[in-house]
Amino acid sequence: MTVRTRFAPSPTGPLHIGSARTALFNYLFSRHHGGTFLLRIEDTDRARSTNEYTRLILDSLAWLDLSPDEPPLFQSARAARHAEVARQMLEAGHAYRCYCTPEELARMREEALAEKRPARFDVWRDRDPAEAPPGVAPAIRLKAPREGETVVDDLVQGPVRVANAELDDMIILRSDGSPTYLHAVVVDDHDMGITHVIRGTDHLTNTFRQVQIYHAMGWALPRFAHVPLIHGADGAKLSKRHGAQSVTEFREQGYLPEALCNYLLRLGWGHGDVEVVDRAEAIRLFDIDGVGRAPARMDYAKLTHLNGIYLRQADDGRLTEEVLARLAGRSDLVLDEAAMRRIRALMPGLKERAKTLVDLADSAAFLARRPPLPLDAKAAAQLTENARAMLRQLAPALAATDFSAPALDAALRRFAEATGRKLGQIAQPLRAALTGSTVSPGIDATLAALGREESLARLRAVTG
RNA sequence: GUCCCGUUCGUCUAGAGGCCUAGGACACCAGCCUUUCACGUUGGUAACACGGGUUCGAAUCCCGUACGGGACGCCA
């Protein structure tokens, strides 16, 4: 059997980080088994679904390199098919028309709650349709079995069973003829030939009733795998106050897609001691049996650490592009040819020190400034009268080199020895003058990246 | 409230009855490296929720309790 999985977001918001992980698991599972990964946009809630969100979700998936193997299927386009299946169930006696009004249902729900019993809503189950009130359009309800139990043999949670007496007759077709989500999902998964339904545990209890639809239609069940949800640091459902929660936000905050995927993979999935797993390795190692059963908490610090690892491995040209894009809007910088060249030249040293693209862009900004540079407090403290005098003396020694990093390093060491100073006593004031701060890549590499003209200009700006 | 599920260092996890004096990673602390900051490196603090069983032996199996999460919509 060829594995077919699907990711099925509803376009009512940006792609949530938990959904992204569900997409990743579906993707990895299908790839691991040589199968197909599909996308279905669940836009049956016409009021809340928008094309903008659909596009945003597609963008986020592409950014994460989790694009589906086929164009997405829009659930809204299949309403006729959903209604057809509901009609078949009606004819076969597996469903019935319900003439209850929303008000009546709300009252029944309250009464059931007050009496501490599950709500039923099955007043029309065996009632003669001839008694139907005039002018009321009926909804169609599943005629669920009352005896026995329904079992979901879940790939993650194991066999999960519930007594059928606990389950109500859910609505499969609304009174306006549109399908409910629970019903549409079953019909679509069946028609799409989905073999493995991998989704969040918030759908686990719904699965019982969906299984009853499969049974009613005589369809083969797919395998289900319900993966735990992602929580915030306090164990509660991930929400705004925990920090970033949509893929879009993580992207803005300077995380690399490969780092985010690696982090998400390790959240709720383990394989021995592996921590840093690239895509190819993930496809090779991933399987459902490695997925844990307990919800996991989002750990932004660990994500940031992982991001630093991927940042250091990333291509310098790519990172330069990212940095330029982030610096583009800043009015205090001059992003001319020379500045871009400097950023590209110093990238190996810059990326070594950054954890996110935001850090990286910040640390590169000094390369795109014009002297005189603004000095931060620590840098200003470095540039004492003595230090400025020392820099005035140092400038010719630097100017005499070819401005390659090794030559500059050698010149600095000679100068240190000749003037009886430690290297740090020279490097720090020099760094302050060159960068406006006390933190930067190696001073030789920084000088080389700035180039002879710019470096000497920056020195003149502080030595007068 | 009812039903379903879960519980190993602060966090993510390894662990399939003896290999566990419970391993790795992040975070944290200390040392080393050093031209600043990072990186790297060495070491350290730190966990089997609790109570009963089963067994020669349990983090691993069973039952309770506590705590946590999810579901109970003509939302998805």
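Bear in mind the structure is a predicted one, so any value in this text is a computation, not a measurement. Computed over heavy atoms, backbone and side chain alike; hydrogens, waters and symmetry mates excluded. Sequence lines set the chain letters: A, B, ... in the order given, protein chains first and strands last, and positions in each chain run from 1.
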With a 3.5 Å cut-off and no angle check, do the side chains of His226(A) and Arg199(A) form a donor-acceptor pair? yes
In terms of side-chain heavy atoms of His305(A), which of rA27(B), rG10(B), rU35(B) is nearest? rA27(B)
Across every strand shown, the nucleotide meeting Watson-Crick or G-U wobble geometry with rG57(B) (both distances under 3.5 Å) is none
With sequence neighbours left out, which residue pairs that include part of residues 433-444 of chain A fulfil the salt bridge (Lys or Arg N to Asp or Glu O under 4.0 Å) condition? none
Measure the distance from CG on Asn262(A) to P on rA25(B) and round it to the nearest whole Å. 15 Å
If we ignore hydrogens and angles and just use 3.5 Å, is the side chain of Arg326(A) paired with the main-chain N or O of Ala361(A) as donor and acceptor? no
Rounding to a whole Å, what distance do you find between His226(A):NE2 and rG6(B):P? 14 Å
Using the C1' atom as the point on both nucleotides, what is the distance between rC48(B) and rG15(B), in whole Å? 10 Å
How close or far is atom C1' of rC39(B) from atom CE of Met347(A), stated in whole angstroms? 17 Å
Heavy atoms under 4.0 Å, any strand shown: does Arg40(A) hit a base, just sugar-phosphate, or nothing? nothing
Both distances below 3.5 Å, Watson-Crick or wobble geometry, any strand: find the nucleotide opposite rC75(B). none
Does Arg388(A) use its side chain to pair, donor to acceptor, with the backbone of Pro429(A) at less than 3.5 Å? no
Look for any protein N or O under 3.5 Å of an N or O in nucleotides 13-15 of chain B and output each such pair with its distance, or none.
| residue | atom | partner | partner atom | Å |
| --- | --- | --- | --- | --- |
| rU13(B) | OP1 | Gly268(A) | N | 2.4 |

Which residue pairs pass the ring pair (Phe, Tyr, Trp, His ring centres under 6.0 Å) test when at least one of the two sits in residues 136-189 of chain A, sequence neighbours left out? Tyr181(A)-His203(A)
Between rA27(B) atom P and Leu306(A) atom CG, what is the distance in whole Å? 11 Å
Return the nucleotide paired to rC39(B): Watson-Crick means purine N1 to pyrimidine N3 with N6-O4 or O6-N4, wobble means G-U with N1-O2 and O6-N3, both under 3.5 Å. none
Considering every strand and a 4.0 Å limit on heavy-atom distances, what is the contact class for Pro441(A): base, sugar-phosphate, or nothing? base
Which pairs pass salt bridge (Lys or Arg N to Asp or Glu O under 4.0 Å) with one or both residues in residues 291-311 of chain A, sequence neighbours excluded? Glu275(A)-Lys302(A)
Can you check nucleotides 70-76 of chain B for protein contacts, nitrogen or oxygen pairs under 3.5 Å, and list what you find?
| residue | atom | partner | partner atom | Å |
| --- | --- | --- | --- | --- |
| rG70(B) | O2' | Thr201(A) | O | 3.4 |
| rA71(B) | O4' | Thr205(A) | OG1 | 3.1 |
| rA71(B) | O2' | Thr205(A) | OG1 | 2.7 |
| rG73(B) | OP2 | Arg109(A) | NH1 | 3.2 |
| rC74(B) | O3' | Arg174(A) | NE | 3.3 |
| rC74(B) | O2 | Ser175(A) | N | 3.0 |
| rC74(B) | O2 | Ser175(A) | OG | 3.0 |
| rC74(B) | N3 | Ser175(A) | OG | 3.0 |
| rC74(B) | N4 | Cys100(A) | O | 2.8 |
| rC75(B) | OP2 | Arg174(A) | NE | 2.8 |
| rC75(B) | O3' | Arg174(A) | NH2 | 3.2 |
| rC75(B) | O2' | Asp45(A) | OD2 | 2.7 |
| rC75(B) | O2' | Arg48(A) | NH2 | 3.4 |
| rA76(B) | OP1 | Thr44(A) | OG1 | 3.2 |
| rA76(B) | OP1 | Arg174(A) | NH2 | 2.4 |
| rA76(B) | OP2 | Arg174(A) | NH2 | 2.8 |
| rA76(B) | OP2 | Tyr181(A) | N | 3.1 |
| rA76(B) | O3' | Glu42(A) | O | 3.0 |
| rA76(B) | O2' | Ser10(A) | OG | 2.7 |
| rA76(B) | N6 | Asn206(A) | ND2 | 3.1 |

Taking for each residue the nucleotide of RNA chain B bearing the nearest heavy atom, is the 5' side occupied by Leu303(A) or by Phe208(A)? Phe208(A)
Picking from rG10(B), rU35(B), rU36(B), the nucleotide nearest the side-chain atoms of Val439(A) would be rU36(B)
What verdict does the side chain to side chain donor-acceptor pair (under 3.5 Å) test give for Gln75(A) and Arg78(A), after you've listed the backbone C-alpha separation in whole Å, the side-chain angles of each residue and the deciding distance to 0.1 Å? CA-CA 5 Å; Gln75(A) 195 158 58; Arg78(A) 294 180 35 83; over 6 Å; no
Would the distance check show the side chain of Thr356(A) and the main-chain N or O of Val358(A) forming a donor-acceptor pair, the cut-off being under 3.5 Å? yes
Please, which pairs that meet ring pair (Phe, Tyr, Trp, His ring centres under 6.0 Å) have at least one residue in residues 346-368 of chain A, sequence neighbours excluded? none
Rounded distance (Å) that lies between atom C1' of rU36(B) and atom CG of Leu383(A): 14 Å
Heavy atoms only, 4.0 Å cut-off, all strands: where does Arg297(A) land among base, sugar-phosphate and nothing? sugar-phosphate
hbond_proxy Arg293(A) side chain to rU7(B) base (donor-acceptor, 3.5 Å cutoff): no
Can you check nucleotides 41-47 of chain B for protein contacts, nitrogen or oxygen pairs under 3.5 Å, and list what you find?
none

Provide, to the nearest angstrom, the distance between the CG atom belonging to Leu412(A) and the P atom belonging to rU36(B). 13 Å
Partner nucleotide, any strand, of rG10(B) [Watson-Crick/G-U, under 3.5 Å]: rC26(B)
Given the C1' atoms of rU41(B) and rU34(B), what is the spacing between them in whole Å? 13 Å
For Arg414(A) and rU35(B), give me the distance from atom CZ to atom C1', rounded to whole Å. 16 Å
Pairs in or reaching into residues 40-53 of chain A: which pass salt bridge (Lys or Arg N to Asp or Glu O under 4.0 Å), with residues at least two apart or in two chains? Arg40(A)-Glu42(A), Arg40(A)-Asp188(A), Arg40(A)-Asp189(A), Asp43(A)-Arg46(A), Asp45(A)-Arg48(A)
Using side chain to side chain donor-acceptor pair (under 3.5 Å) as the criterion, list what pairs up with Glu84(A), not counting sequence neighbours. Gln88(A)
What integer distance in Å separates Met390(A):CE from rU35(B):P? 15 Å
Counting heavy atoms from C-beta on, name the nucleotide in rC3(B), rC5(B), rU35(B) closest to the side chain of Glu166(A). rC3(B)
Integer angstrom distance from the P of rA27(B) to that of rU11(B): 16 Å
Residue pair Asn386(A) / Thr384(A), side-chain donor-acceptor N/O under 3.5 Å: no
When you measure from every atom of RNA chain B, which of residues 80-89 of chain A have a heavy atom less than 4.0 Å away? none
Are the aromatic ring centres of Tyr310(A) and Tyr255(A) under 6.0 angstrom apart? no
Under a plain distance cut-off of 3.5 Å, with no hydrogens placed, do Gln212(A) and Arg209(A) share a side-chain donor-acceptor pair? no
Base paired to rU65(B) (Watson-Crick or G-U; both N/O distances under 3.5 angstrom): rA49(B)
Given the C1' atoms of rC67(B) and rU8(B), what is the spacing between them in whole Å? 16 Å
So Glu352(A), base contact, sugar-phosphate only, or nothing? Heavy-atom distance under 4.0 Å. base
Asp176(A) meets the side chain to side chain donor-acceptor pair (under 3.5 Å) criterion, sequence neighbours left out, with Ser178(A)
For Thr54(A), the side chain to side chain donor-acceptor pair (under 3.5 Å) test, sequence neighbours excluded, returns none
